[in-house]
*Asks:* 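What follows is a structure written as structure tokens; I'll ask about it next.
By convention here, the first residue in the shown sequence is residue 1. Computed from heavy atoms alone, side chains included, the values below leave out hydrogens, waters and symmetry copies.
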Amino acid sequence: MPQSDPTSAEYSSSDRQSTAWLLRPLYGLARRLGSFILVGGVATAVQYLLLIVLVELFGVFAVTASAVAYGGAAVVSYLLNFHVTFHGRAGHRQALPRFIVVVAIGLGVNTLSFALLLLFLPYVFAQVGATLVTLVSNYLLHQYWIYRPSA
């Protein structure tokens, strides 16, 4: 017996529904990941803009400027991720304290990485390296801890 072609009339709505439940979680995960990456891009752009302005226009020491810029970007990241990426599933009372812990961890990782890379690279390239070092851990902490509702 030939398999049903999804474009044929024989491919019933029950066939489509039986596979839809498999795709829904993957679609949700892909949408959240894409949104997280977009929000991260916006927050990173804010961070780099603040870093460059603080160093070039105000003469702030690069490590200090990087830390301040990370904090400013964290505010943007929290607000956009809460409302856009994860739709506030956990609520501010739960998400904000967790986010602050993750920002503190990220700030430490960013600042330490930046300071070490600054020994070998110009400050903008050092920031690129520091950004890459924190990316994966930040996503995992956001996805599985900050915005996940308590059981």
Side-chain angles (χ1 to χ4, degrees), residues 6-7 13 15-151:
T7 59
S13 65
D15 291 336
R16 278 184 241 114
Q17 288 174 351
S18 68
T19 57
W21 72 271
L22 290 170
L23 299 176
R24 254 184 238 122
L26 293 175
Y27 172 76
L29 181 62
R31 188 204 60 75
R32 273 193 312 276
L33 180 59
S35 180
F36 185 81
I37 290 168
L38 183 63
V39 166
V42 170
T44 301
V46 167
Q47 180 181 3
Y48 283 60
L49 180 64
L50 285 172
L51 172 67
I52 292 167
V53 165
L54 289 170
V55 169
E56 299 297 331
L57 295 181
F58 295 103
V60 176
F61 179 58
V63 174
T64 303
S66 176
V68 169
Y70 187 91
V75 172
V76 171
S77 176
Y78 176 77
L79 293 172
L80 290 176
N81 275 313
F82 184 87
H83 293 291
V84 177
T85 305
F86 300 103
H87 300 289
R89 294 181 307 181
H92 287 296
R93 281 185 181 207
Q94 178 182 326
L96 187 57
R98 291 177 177 182
F99 184 82
I100 290 169
V101 169
V102 171
V103 166
I105 293 167
L107 178 61
V109 169
N110 174 77
T111 304
L112 178 62
S113 301
F114 181 78
L116 291 173
L117 291 169
L118 195 57
L119 297 172
F120 308 101
L121 299 169
Y123 77 93
V124 173
F125 293 112
Q127 188 60 65
V128 170
T131 299
L132 293 173
V133 169
T134 60
L135 181 65
V136 172
S137 65
N138 278 349
Y139 176 76
L140 293 173
L141 288 169
H142 279 75
Q143 172 69 26
Y144 295 109
W145 188 51
I146 295 176
Y147 299 108
R148 176 170 285 210
S150 296

*Asks:* Nearest 0.5 Å, please: how far is CG in Asn81 from OG in Ser35?
*Replies:* 6.5 Å
*Asks:* Using the side-chain contact (heavy atoms from CB on, under 4.5 Å) rule, pick out the option among Leu51, Val53, Ile52, Leu57 that qualifies with Val55.
*Replies:* Leu51
*Asks:* Measure the spacing between CG of Leu54 and CG of Leu49 and express it to the nearest 0.5 Å.
*Replies:* 9.0 Å
*Asks:* Measure the OG1-CG distance between Thr134 and Leu132 for me, rounded to the nearest 0.5 Å.
*Replies:* 8.0 Å
*Asks:* Just checking, any donor-acceptor pair under 3.5 angstrom between side chains of Thr131 and Asn110?
*Replies:* no
*Asks:* Check for a donor-acceptor pair, side chain of Tyr123 on one end and backbone N or O of Phe61 on the other, with a separation under 3.5 Å.
*Replies:* no
*Asks:* Say you draw a straight line from CG of Leu118 to OG of Ser113; how long is it, rounded to the nearest 0.5 Å?
*Replies:* 12.0 Å
*Asks:* For the backbone of Gly40 and the side chain of Thr44, can you confirm whether one donor and one acceptor N or O come within less than 3.5 Å of each other?
*Replies:* yes
*Asks:* What verdict does the side chain to side chain contact (heavy atoms under 4.5 Å, CB included) test give for Val109 and Val133, after you've listed the backbone C-alpha separation in whole Å, the side-chain angles of each residue and the deciding distance to 0.1 Å?
*Replies:* CA-CA 8 Å; Val109 169; Val133 169; 3.6 Å; yes
*Asks:* Should the ring pair His92 and Phe82 be called parallel, tilted or perpendicular, given that the plane angle runs from 0 to 90° and is split at 30 and 60?
*Replies:* parallel
*Asks:* With a 3.5 Å distance limit and no angle check, can you tell me whether Thr111 reaches the backbone of Leu107 through a side-chain donor-acceptor pair?
*Replies:* yes
*Asks:* Taking all non-hydrogen atoms of both residues into account, name the closest pair between Gln127 and Ser66 and its distance.
*Replies:* OE1-OG, 2.6 Å
*Asks:* Would you say Arg31's side chain and Thr85's backbone share a donor-acceptor pair under 3.5 angstrom?
*Replies:* yes
*Asks:* Evaluate the side-chain proximity of Tyr70 to Val103: yes if any heavy-atom separation is below 4.5 Å, no if none is.
*Replies:* yes
*Asks:* Give the C-alpha distance, both sets of side-chain angles, the deciding distance and a yes or no for side chain to side chain contact (heavy atoms under 4.5 Å, CB included) between Phe114 and Val63.
*Replies:* CA-CA 7 Å; Phe114 181 78; Val63 174; 4.0 Å; yes
*Asks:* What heavy-atom pair brings Ala74 and Phe99 nearest, and what distance separates the two atoms?
*Replies:* O-CZ, 3.2 Å
